[in-house]
Structure formats: C-alpha cells, structure tokens
Amino acid sequence: MCMEKGKNVLCEKPLAMNLTEVNELISAARKHNVFLMEAFWSRFFPVYEKIRSLLNQKALGEVKIVRAEFGVNLLHVPRSVEKELGGGALLDIGCYCIQFALMAFGGEKPESITAKGFLHETGVDETVTVILQYSGKRQAVPNLHLFDSNAKPSCDMWHKRNDSDSFIHVVSNNNNS
Ligand SMILES: NC(=O)C1=CN([C@@H]2O[C@H](COP(=O)(O)OP(=O)(O)OC[C@H]3O[C@@H](n4cnc5c(N)ncnc54)[C@H](OP(=O)(O)O)[C@@H]3O)[C@@H](O)[C@H]2O)C=CC1
Ligand SMILES: O=C1OC[C@@H](O)[C@H](O)[C@H]1O
C-alpha cells in the first residue's frame, strides 16, 4: 500500500512470511521505483561491520563453518506463537541467525538446507536447528528457540587458509540482541 503511493519502505524483520510474499514486495518496489529494505538492525552493529571488512579483505581465509545461536523467551507473546500473526522461532528470531550465515557466505545460495526441530502447541516452530550446506564442505548451523532468555546470543566463524585455522567468536552482553 505504501509503495503503491510512492513511499519508500523500511520494513521490520521478517520482511514477509514466505517467498511468494517477498517476491510480491520486491516486484512492487521495482514497479513503483521505491526503496524497500528489511530492517535488520544487527547488520549495523560495529562488530558486523568489522567482520564484513575482514571478509571483504579475505583476511582470515575461507569461511568453512558458521554457527549462530539465539534464544529468547517469547512463548507468552502472541505474535511470536500464533501462526496467523507470522509466529515461530525461525521468523521471529531465527532470521537473525540465518542472515548472519548469509552474510558470512557473501549471499551465496546453499546447495542444501536441512532443518529439524520441535513445534509449540500452537503449531509454530519452537526450537530449530538448521544446516545450510555449501560446496567445498562449508556449512552454517543456526540454532534458535523461543524459550530461553538466559542464553546470550552468539555466533562463530571458522576460517581456513592453507594449513592454519582462525576463528571469530561474537557474543552479546545482552540476552535479547
Ligand atoms: N528489531 C528489533 O529488535 C525488534 C523487531 N521486532 C519486529 O517488529 C515487529 C512488531 O513487533 P512488536 O512491536 O513486538 O509487535 P506488537 O504485536 O507489540 O505490535 C504490533 C503493532 O502493529 C499493529 N498492527 C498489527 N496489525 C496491523 C494492521 N493490519 N494494520 C495496522 N497496524 C497493525 C498493532 O496494532 P494494535 O495494537 O492496534 O493491534 C500493534 O501496534 C515484528 O515484525 C517484530 O519481528 C520486534 C521486537 C524487536
Ligand atoms: O527482533 C527481535 O529481537 C529481539 C527479540 O526480543 C524480539 O522479540 C524479536 O522480535
């Protein structure tokens, strides 16, 4: 609606609930020549900027394994657990882990995606572990859940260059971001 009226849109995550909706939004932005962006605030953290700079310079070699973990107790929040409101761990908080993995692999499309988890009583995903597999034995493993607010979000990246390994570890001081 906003884009149809020529308004630029900065949309809270998740941009939409599925690929069809995302494609509709992108088409609308192109048709009406407006700016559309998913508001991932974590992408603007200074530490992300530092990581991107290291990745761009290929300072640490090839990214081999990425792990990202985020859990927040949102089981009491209707929009997080009701299907029709777009609930579920993946859409609500898992998207932070997934976008971290996508950033680490420069937006490359994985060769395969596997996910295992448990459903909440409302039918939305409550706990999920995803494995994104890339060519050359590279993989990302996001782990996300809606019940543990004591866990501090964290992510790691293992790199390989010739015979040496290096490692980036990021952990938040805040349980919620
Ligand atoms: N970047 C971040 O750190 C965070 C991002 N988020 C994201 O922000 C978004 C909102 O979350 P949150 O604020 O917690 O959600 P809430 O459910 O608290 O608020 C949603 C708001 O949207 C309004 N609304 C819902 N449906 C419509 C509609 N069809 N037309 C107009 N207004 C509508 C509601 O109005 P009413 O009250 O009248 O129902 C309410 O004011 C989510 O996408 C969430 O993922 C959330 C928390 C943190
Ligand atoms: O975007 C988010 O990040 C922090 C969470 O606590 C919040 O509910 C979620 O929607």
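Basis for what follows: all heavy atoms, side chains included, without hydrogens, waters or symmetry-related copies.
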**Q** Same cluster or not: are Phe44 and Leu10 linked, directly or through other Ile, Leu, Val, Met, Phe, Trp or Tyr residues, by side-chain heavy atoms under 4.5 angstrom apart?
**A**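 Yes.
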**Q** Which atom names give the shortest non-hydrogen contact between Val63 and Leu55, and what distance separates them?
**A**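 Heavy atoms only, the tightest pair is CG2-CD2, 3.5 Å.
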**Q** Glu49 and Ser53: side-chain donor and acceptor closer than 3.5 Å?
**A**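 Per modelled atom types, Glu49 and Ser53 side chains form no pair under 3.5 Å.
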**Q** Determine the minimum heavy-atom distance between Gln99 and Ser42, stating which atoms define it.
**A**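 Taking Gln99 first and Ser42 second, the nearest heavy atoms are NE2-OG, 3.2 Å.
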**Q** Can you name the nearest heavy-atom pair linking Met157 to Val66, along with the distance?
**A**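 Minimum heavy-atom contact is CG-CG2, 3.8 Å.
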**Q** Does a donor on one side chain and an acceptor on the other come within less than 3.5 Å for Trp41 and Tyr48?
**A**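 No, no side-chain donor-acceptor contact under 3.5 Å.
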**Q** Can you name the nearest heavy-atom pair linking Pro142 to Cys97, along with the distance?
**A**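 Looking at all heavy atoms of both residues, the closest pair is CB-CB, 3.6 Å.
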**Q** Indicate if Val141 and Val170 have the same hydrophobic cluster label, given that clusters are the connected sets of ILVMFWY residues with side-chain heavy-atom separations under 4.5 angstrom.
**A**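 No, Val141 and Val170 fall in different hydrophobic clusters.
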**Q** Specify the closest pair of heavy atoms between His169 and Ser154, including all atoms of both residues, with the distance to one decimal.
**A**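 For His169 and Ser154, the tightest heavy-atom pair comes out as CE1-CB, 4.3 Å.
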**Q** Identify whether the distance between the nearest side-chain nitrogen and carboxylate oxygen of Asp165 and Lys64 falls below 4.0 Å.
**A**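 Judged by the 4.0 Å cut-off on N to carboxylate O distance, Asp165 and Lys64 do not form a salt bridge.
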**Q** Check for me, please, whether Val9 and Leu25 land in the same ILVMFWY cluster - side-chain distances under 4.5 Å, paths through other members count.
**A**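 Yes, because Val9 and Leu25 connect within a single hydrophobic cluster, where side-chain heavy atoms sit under 4.5 Å apart.
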**Q** CG/Asn8 to CE/Met37 distance, rounded to the nearest 0.5 angstrom?
**A**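 So the CG of Asn8 and the CE of Met37 are separated by 12.0 Å.
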**Q** Do the non-hydrogen side-chain atoms of Val77 and Leu146 ever get within less than 4.5 Å of each other?
**A**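 They are not in side-chain contact.
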**Q** Measure across Ala39 and Glu12 and return the closest heavy-atom pair with its distance rounded to 0.1 Å.
**A**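 Minimum heavy-atom separation between Ala39 and Glu12: O-OE1, 3.9 Å.
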